[in-house]
Structures are given as C-alpha cells and as structure tokens.
S.K.: 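Dropping a structure here in structure tokens format, bear with me for questions.
We count ligands from 1, going down the list as the structure has it; atoms in each ligand are counted the same way.
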Amino acid sequence: MYFCPNCGDPLTIVYDKNELKEVKFTGKGVWRYRDVLPVSSENAVTLNEGGTPLHRSVKLYNEIGVKDLWIKNEGLNPTGSFKDRGMTVGVTRAIELGAHSVICASTGNTAASLSAYAARAGITSFVVVPEGSVALGKLAQARAAGAKIVKVRGNFDYALKIVRSLAAGTTETYLLNSVNPYRIEGQKTIAYEIVEEYGVPDWIFIPVGNAGNITALWKGLKELKSMGFIDRLPKLGGVQAEGASPIYRAFAEGKDEIIPIQNPQTVATAIKIGNPASWRRAMRAVKESGGIMLSVSDEEILEYQKRLASKEGIFVEPASAASIAGLARATALNMVKKDEHVVAVVTGNGLKDPESLMKISAEEITIDAELEALKRVIKG
Ligand code: AN7
C-alpha cells in the first residue's frame, strides 16, 4: 500500500518522538543518518551514496546577485544523481520484504539508480520509460546493470500510472518510485547534510518534477527542527520547466489543485512530467516554508547549464540547471534579496545527457598532428 485511501496522496513515514531522542550521526553519507531511517543498516544495499560536495559559488553568485550561494552537487552520487539516496533505503527495504523484483516508471535517473541497486542486491529490475524521451547515458546505465527495459508509447505520466496499478497490493514486484515512502526517507538525508555542513540558509532551491525530492527535503528539515538541531527553517524555491509546470501554475494562480499537463514538453527530459504524484506535498512544503514555485524556459535552463560549467566547473544535466536558472529569475524579480544566503541543489550529472549541450558549445579546432599547427592555435 503506497497511497492514502482518503486523499490519494503517497503515504509518509512518521516516527514516534521517543524513538528520535538519542539520535547520533556517525560515519559518512546516507547511512550516517541510520538513526533516522526506517530500515536496519546492517543489511544495507549500498554503493556509498550521499556525502556529496557542497561548493561555494565563486562567480555565479555575483552574476545572479546574491551575496552567498552554495551548490550541492548531487551528480556525484554513485549513479550520478540524487536518486541513489532514496534507492539505497528503498532497495534495502525491498530485500527486507523478500521482494523478487523491483519496478519503477522513470524519466531516466530513477531507472539508472534502481537498476544499479537491484544488481547489487541480486534481484531483477524492471524499468518502464517513455519511448524516445530518456537521455542516452541513463539508458546505457540501466542496460549495463541488466535491467529489463520497457519502453512505453506515451509520456512518463502514463508509465507511472500502469506501474502503480501493477504494484498495488503486492510486494512481489516492489514499486520504487518516489511514491514509496522509503525512497523519501533516503532522500531526506540531503537536508541533514546541508544543515550539518552549512547550517540553515535563507533559501534552498531545487528542481521539481514528480515532486518527491522537494517533499523529502522539507521532511528532513522539519525533522531536524523538531529534534532541536536547528531553530528555524529555510524558504524553499521549487523550480519547474515551463512546458511541464503544473505545480508552478497552480501556485501562481493561487489555486489549491493542479491541472495536469497532458503533453509536457521540455529539453530537461528528467523533469518532463505533467502530473506529479507528490504535487500536494510539494505545494504544502513550499507554502509552509514561505517560499515560492517558479518556472524557467528551456533557454534559461541551457544557459545556466553552460554557465555552471564555464563559471563554476560543475557540469550538470539540464534538469539540474533549472534550480540555478530559477534562482536567477527569483533574484531578478526581487523575490530573493541580495543579502540572502542560498543553497541550490543540482540533482544530476551532465555526463548522462550531453546531447543538448553539444548543440550550443563551440571552440573545437582540428589540426594536423604537428607542433607548428598547435602553436598557431595557441597564439591565436
Ligand atoms: C536530474 O528519474 O522523475 O521532483 O524518473 O532526474 O523528485 O521528481 C527524475 C527526476 C530533478 C525531479 N532532477 O525530482 C525519474 C525522475 C533530476 C531528475 C528531478 C529528477 P522529483
């Protein structure tokens, strides 16, 4: 059972307050937070996920117009995205339940991550992806890990719908989309890492697709506050791609419900999602935090993908650049003030999805393999 029979939202794991009294953090990465995770770490299916770098921005902060910007690089997880945080906990849970196989619908990264953890656990993985909309690197990862890859004629939302139906009422084939609460538990550890390394910024910016990650981030932050590790909470900036922004639209129009987008479009295929499963939880998180939802165009996404690499040395996939593009928009609109402290999460590695970037960058010169020819190039 993954969904509340009353409201239809994904279920959330809640801890008894007494259980969280003597919480200690030891070790590195996601399992450092084992005391606030709902599975035993003894049999953890792990690839050493989490513990990703938090880089101080050296240039973009100034261009964007905030005094202090930090970039949390989730692309340095084992399979190259934040999904690994949730998958280590989720697949560990699958094994606890005795599942023989695991399944997900995916725009790519969930598939790449699930395949790897399932391989490590020695169980079968089925990944159901929208035909023609998944970046090559992610498909290659799933193939390499031996996943059974199913391509659906239709977008991600259709894929998730049939996968959800298949997995209802059984743990034989265990569902590991972010509607699974164990995924959220793993992913919340990003909040713990940010707080331990940085403290509490004024804002955390994060890309939003199916809306599991922003839900997890907020859950982690609230737990930290309720346990007394922090005494205030940051505002959340959730960023969607313009052509796939049902949560932003509802937020901007002051509506309580989203209107799903039938045919979502964006260059950022990872967040090409029209009917996000966790939209209600995301909306609640953003509102509770006093934050904002934003949308950014494909042009802005590609521009900031390039700038992240050329100004900061950080190569991310397009969906990840959405958080920085969103921050730039928010400062331009004076929603984020100059003197505020910001952490932006970039969610996936650029190596997974280099295609769109190859269309915009230049500066490649072919020469004969001769010293003089090389010298001419260097001298300009
Ligand atoms: C790089 O892999 O939904 O809002 O099936 O790959 O938690 O969905 C990926 C999502 C952001 C959005 N950045 O996170 C999938 C999938 C990257 C992503 C998101 C995704 P959610």
Side-chain angles (χ1 to χ4, degrees), residues 10 52 72-77 79-87 90 103-116 127-130 133-135 137-139 141-142 147 152 155-160 163-164 175-180 183-184 186-188 190 205-219 236-241 244-248 264 266-283 285-286 293 296 301 305 308 315-326 344-353:
T52 56
K72 180 73 170 161
N73 190 359
E74 289 289 278
L76 293 187
N77 274 297
T79 76
S81 85
F82 71 96
K83 305 283 182 186
D84 296 341
R85 288 181 189 275
M87 229 38 106
I103 191 166
C104 71
S106 178
T107 57
N109 279 324
T110 301
S113 183
L114 180 63
S115 312
V127 303
V128 184
V129 299
S133 286
V134 177
K138 302 171 189 178
L139 270 182
Q141 288 178 286
V152 169
N155 62 34
F156 168 84
D157 302 297
Y158 292 102
L160 181 57
V163 165
R164 271 175 64 163
L175 175 64
L176 275 169
N177 276 99
S178 62
V179 297
N180 182 313
R183 277 274 314 274
I184 299 293
Q187 283 176 212
K188 79 183 179 187
I190 193 174
F205 271 73
I206 189 166
V208 175
N210 212 23
N213 210 24
I214 193 169
T215 300
L217 172 67
W218 188 239
K219 184 174 195 285
L236 298 183
V239 189
Q240 296 200 289
S245 57
I247 307 178
Y248 159 72
T266 169
V267 65
T269 52
I271 52 173
K272 193 169 153 187
I273 295 173
N275 189 16
S278 296
W279 70 266
R280 201 191 309 270
R281 303 193 295 181
M283 191 94 119
V286 168
M293 284 298 304
V296 288
I301 286 173
Q305 182 191 25
L308 263 168
F315 186 30
V316 304
E317 67 166 284
S320 305
S323 62
I324 306 284
V345 178
V346 293
T347 42
N349 199 304
L351 295 173
K352 287 168 168 282
D353 187 7

S.K.: Look at atom 14 (O) of ligand 1 and say which protein heavy atom is nearest, naming residue and atom and giving the distance to 0.1 Å.
M.R.: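 Nearest neighbour among protein heavy atoms for atom 14 (O) of ligand 1, to 0.1 Å: F82 CZ, 3.4 Å.
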S.K.: Side-chain contact test, heavy atoms from C-beta onward, threshold under 4.5 Å: evaluate it for T107 versus I271 and give yes or no.
M.R.: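 In short, these two side chains do not touch, never coming nearer than 4.5 Å.
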S.K.: Give the atom numbers and elements of ligand 1 that come within less than 4.0 Å of a heavy atom of V208.
M.R.: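 Ligand 1 atoms under the 4.0 Å threshold to V208: 4 (O).
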S.K.: Measure the distances from the heavy atoms of K83 to every atom of ligand 1 and state whether one is below 4.0 angstrom.
M.R.: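 Per 4.0 Å heavy-atom rule, K83 contacts ligand 1.
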S.K.: Is there a nitrogen or oxygen of Q187 sitting under 3.5 Å from a nitrogen or oxygen of ligand 1?
M.R.: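 Not met; the criterion fails.
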S.K.: Say whether V316 and ligand 1 are in contact under the criterion: heavy-atom distance to a ligand atom below 4.0 Å.
M.R.: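 Contact check V316 vs ligand 1: negative.
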S.K.: Heavy atom of T107 under 4.0 Å from ligand 1?
M.R.: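 So T107 counts as touching ligand 1.
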S.K.: Could you tell me which atoms of ligand 1, counted from 1 in the order shown, lie closer than 4.0 angstrom to a heavy atom of S106?
M.R.: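 Numbered from 1, ligand 1 contributes 2 (O), 5 (O), 15 (C).
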S.K.: Where is the nearest protein heavy atom to atom 7 (O) of ligand 1: which residue, which atom, and how far?
M.R.: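 In this structure, atom 7 (O) of ligand 1 has N213 N, 2.8 Å as its nearest protein heavy atom.
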S.K.: Have K352 and Q141 got a donor and an acceptor in their side chains that come within less than 3.5 Å?
M.R.: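 Side chains of K352 and Q141: pair found under 3.5 Å.
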S.K.: Using heavy-atom distances only, which candidate in I271, N349, T110 approaches atom 15 (C) of ligand 1 most closely?
M.R.: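 Looking at heavy atoms only, the winner is T110.
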S.K.: To the closest 0.5 Å, what do you measure between CG (L351) and CZ (F315)?
M.R.: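 One finds 6.0 Å between CG of L351 and CZ of F315.
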S.K.: Between ligand 1 and T347, is the shortest N or O to N or O distance under 3.5 Å?
M.R.: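 Indeed, backbone or side chain, T347 has an N or O that close.
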S.K.: Could you list the atoms of ligand 1 found under 4.0 angstrom from a heavy atom of G212?
M.R.: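 Counting from 1, the qualifying ligand atoms are 4 (O), 7 (O), 21 (P).
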S.K.: List the closest protein heavy-atom neighbour of atom 8 (O) of ligand 1: residue, atom name, distance to the nearest 0.1 Å.
M.R.: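 Minimum-distance protein heavy atom for atom 8 (O) of ligand 1 reads N210 N, 2.7 Å.
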S.K.: Any nitrogen or oxygen of G348, side chain or backbone, less than 3.5 Å from one on ligand 1?
M.R.: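 The answer is no, given that G348 and ligand 1 share no N or O pair closer than 3.5 Å.
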S.K.: When rounded to the nearest 0.5 angstrom, what distance separates CD in Q187 from CG in D84?
M.R.: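 Separation between the atoms: 9.5 Å.
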S.K.: Quick one: look up the protein heavy atom nearest atom 6 (O) of ligand 1 and list residue, atom name and how far away it is.
M.R.: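 Among all protein heavy atoms, the one nearest atom 6 (O) of ligand 1 is N109 ND2, 2.7 Å.
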S.K.: Polar-atom distance check: G209 versus ligand 1, any N or O pair below 3.5 Å?
M.R.: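 Yes, there is a polar N/O contact under 3.5 Å.
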S.K.: Nearest 0.5 Å please: distance from the OG1 atom of T269 over to the CG atom of N155.
M.R.: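 One finds 12.5 Å between OG1 of T269 and CG of N155.
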S.K.: With a cut-off of 4.0 Å, which atoms of ligand 1 are near a heavy atom of I273?
M.R.: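 Listed by number with element, the hits are 3 (O).
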S.K.: Checking T110 against R183 for the side-chain contact (heavy atoms from CB on, under 4.5 Å) test, could you report, in this order, the C-alpha distance in whole Å, the side-chain angles of both residues, the deciding distance, and whether it holds?
M.R.: CA-CA 11 Å; T110 301; R183 277 274 314 274; 3.6 Å; yes
S.K.: For the residue pair M87 and L176, establish whether any side-chain heavy-atom pair is separated by less than 4.5 Å.
M.R.: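 Heavy-atom side-chain distance check passes, below 4.5 Å.
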S.K.: For ligand 1, is any non-hydrogen atom under 4.0 Å from A211's backbone (N, CA, C, O), its side chain (CB onward), both, or neither?
M.R.: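 A211 to ligand 1: backbone contact only, side chain stays beyond 4.0 Å.
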S.K.: At what distance is the nearest protein heavy atom to atom 18 (C) of ligand 1, and which residue and atom is it?
M.R.: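 For atom 18 (C) of ligand 1, the nearest protein heavy atom is A270 CB, 3.6 Å.
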S.K.: Taking the side chain as everything from C-beta on, heavy atoms only, tell me whether W218 gets closer than 4.5 Å to K188.
M.R.: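 They are not in side-chain contact.
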S.K.: For ligand 1, which is the ligand I care about here, please tell me if S178 has any N or O atom under 3.5 Å from one of the ligand's N or O atoms.
M.R.: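 In this structure, S178 places no N or O atom under 3.5 Å from an N or O of ligand 1.
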S.K.: Can you find an N/O atom of S320 closer than 3.5 Å to an N/O atom of ligand 1?
M.R.: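 No: no nitrogen or oxygen of S320 is under 3.5 Å from one in ligand 1.
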S.K.: State, without any angle test, whether N73 and T52 hold a side-chain donor-acceptor pair at a distance under 3.5 Å.
M.R.: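 No, because no side-chain N or O of N73 sits under 3.5 Å from a partner of the opposite role on T52.
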S.K.: How long is the straight-line distance from CD1 of I247 back to CD of Q240, given to the nearest 0.5 Å?
M.R.: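 That separation rounds to 4.5 Å.
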S.K.: How long is the span from the CG atom in N177 to the CG atom in L160, to the nearest 0.5 Å?
M.R.: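 N177 atom CG to L160 atom CG measures 5.0 Å (nearest 0.5 Å).
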S.K.: Do you see a donor-acceptor pair shorter than 3.5 Å between the side chains of E74 and T347?
M.R.: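 Side-chain D/A pair, E74 to T347: absent.
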S.K.: Any side-chain heavy atom of V127 within less than 4.5 Å of one from S106?
M.R.: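 Side chain of V127 against side chain of S106, heavy atoms only: no contact under 4.5 Å found.
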S.K.: With heavy atoms only and a cut-off of under 4.0 Å, state how N177 meets ligand 1: side chain, backbone, both or neither.
M.R.: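 Answer for N177: neither.
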